[in-house]
2 protein chains.
Amino acid sequence: MADTARNRKKNIRAENEALILQAAEKVFAEAGYGGATMQLIADVAGLPKANLHYYFPTKDELYRRVVETIFQIWLDAANVFENSDGPAEGIGAYIDAKMEISRRHPAGSKVWASEVMHRAPVIQEWLESTLNVWTDGRIALIESWIAEGRMDPVDPRHLLYMIWATTQHYADFGHQIETLNNGAPLDDAQWETAKTNVRRIILKGIGVSPD
Amino acid sequence: MADTARNRKKNIRAENEALILQAAEKVFAEAGYGGATMQLIADVAGLPKANLHYYFPTKDELYRRVVETIFQIWLDAANVFENSDGPAEGIGAYIDAKMEISRRHPAGSKVWASEVMHRAPVIQEWLESTLNVWTDGRIALIESWIAEGRMDPVDPRHLLYMIWATTQHYADFGHQIETLNNGAPLDDAQWETAKTNVRRIILKGIGVSPD
DNA sequence: GTCTATATTTAGATAGAC
DNA sequence: GTCTATCTAAATATAGAC
């Protein structure tokens, strides 16, 4: 009985936190940290402002939680890189995965971009540790592929930057892309075209023939 | 005499406006529109806050002026595209010009990115007119190169997006790149490496051999 | 766990002396 | 043209009844 009550409370908490985090991601993405207000997030979430402060004591804490959920998604996508047996599959799948994230989580991508542009007040430590280690590992992997003659001797670091830049552009600059598409979001076929072009140009650019 | 006095006043105005615009660009880039405060901009410019309001009545007006100065720079760079006789020179020079802008005007690039991410409240009209026309013109030019067999039949639109994304990434995500470079900004040699890699991968990726 | 009312701080903007 | 003092609005955050 006590357990049931406790579980019900837990569920309410989990549901409301998820609701608030979703609204916050959207508002932080569209207005930036400084432009976002607790009132607006509350309105989007459909809750009174005081409830936000009940679940997340400060705006800063809420923002931090939003950012954390994002790089978890990115880390998951990074695995396709590891579980491949060559540049065509590994880099190709990584590009596909990143394009899919841009399509499915555009708000998250924008929050990340904004955070980095503002000198990463929240994720600086993570950039220096996790991302740095991940990048070095991927660079080593790419260098081994180059040594085996499976792709051109490009600078792996700048190749990674190009992949990040190009794939995230479809989320971060989605509004510009939409405007240049007569005000309409890319449809399924257009996303497919985008994905194919990005993958083909980059793979050919580094001397890899697609599978 | 009256003329001299008038000119002196004009100079003071011009100088102070330039001083404020420079400080504002920096602050808007680092804090976003919502995070930037007139007080902070005034501090960076070394002027009392009231002076900002004397030269720029509202924060909105000041921001608008900052954004305007940026796309003038971008438009100038776009000309190298036109005055070329083929994809190797035209696209190669455009990439170089955009990389150089990312290096010299990182703050401006960030303000632009932020503006687009927030659904372009100030530049929407300009996106729909000037940028749209410019893009269509460049697409037609690239399509003519493709028809002449001077490059692969890629989708010109997504090629342009890739160039924008990759070159601007070096400004917008400069902090992340710096962090992954042991906390140091890219030096001359590293910028050269970046530029060479970007140009080479993209040109090869679209079937163009460099000059 | 919810929500109205409110305390407190800080922002954008202006008045008015110099 | 400069700058101190100040107004007003809006933001974060909390108190306390329910």
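Below, chains carry the letters A, B, ... as their sequence lines are ordered, and counting in each starts from 1. Computation of the quantities below employed the complete heavy-atom set of this structure, encompassing side-chain atoms and omitting hydrogens, waters and symmetry-equivalent molecules.
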Which class fits the ring pair A:W145 and A:F81: parallel under 30°, tilted 30 to 60°, perpendicular over 60°?
-> parallel

Would you be so kind as to tabulate the donor-acceptor pairs closer than 3.5 Å made by side chains of residues 46-55 of chain B, with sequence neighbours excluded?
residue	atom	partner	partner atom	Å
B:H53	ND1	B:P57	O	3.1
B:Y55	OH	B:N16	ND2	2.9

Among D:dG1, C:dG1, D:dA13, the one nearest A:R13 by side-chain distance | C:dG1

Take atom NZ of A:K59 and atom P of C:dT9, then tell me their distance rounded to the nearest Å.
-> 18 Å

Return the nearest nucleotide to the side chain of B:N16; candidates are D:dG1, C:dG1, C:dA13.
-> D:dG1

Within the side chain of A:N181, is there an N or O that forms a donor-acceptor pair under 3.5 Å with the backbone of A:I177?
-> no

Nucleic acid contacts - residues 38-56 of chain A versus DNA chain C, non-hydrogen atoms under 4.0 Å | A:P48, A:A50, A:N51, A:Y54, A:Y55

May I have the distance from B:I12 (atom CD1) to D:dT2 (atom P), rounded to whole angstrom?
-> 6 Å

Quick one: does B:N197's side chain have a donor or acceptor within less than 3.5 Å of a partner on A:D155's backbone?
-> yes

Could you state the CD-C1' distance from B:E15 to D:dT2, rounded to the nearest angstrom?
-> 16 Å

Between B:R64 and B:E68, does at least one N-O distance fall below 4.0 Å, as a salt bridge requires?
-> no

With sequence neighbours excluded, give me every salt bridge (Lys or Arg N to Asp or Glu O under 4.0 Å) pair touching residues 25-36 of chain A.
-> A:K26-A:E30

Rounding to a whole Å, what distance do you find between A:L19:CG and C:dT2:P?
-> 11 Å

Can you check the B:Y63 OH to C:dA11 P distance for me, whole Å?
-> 19 Å

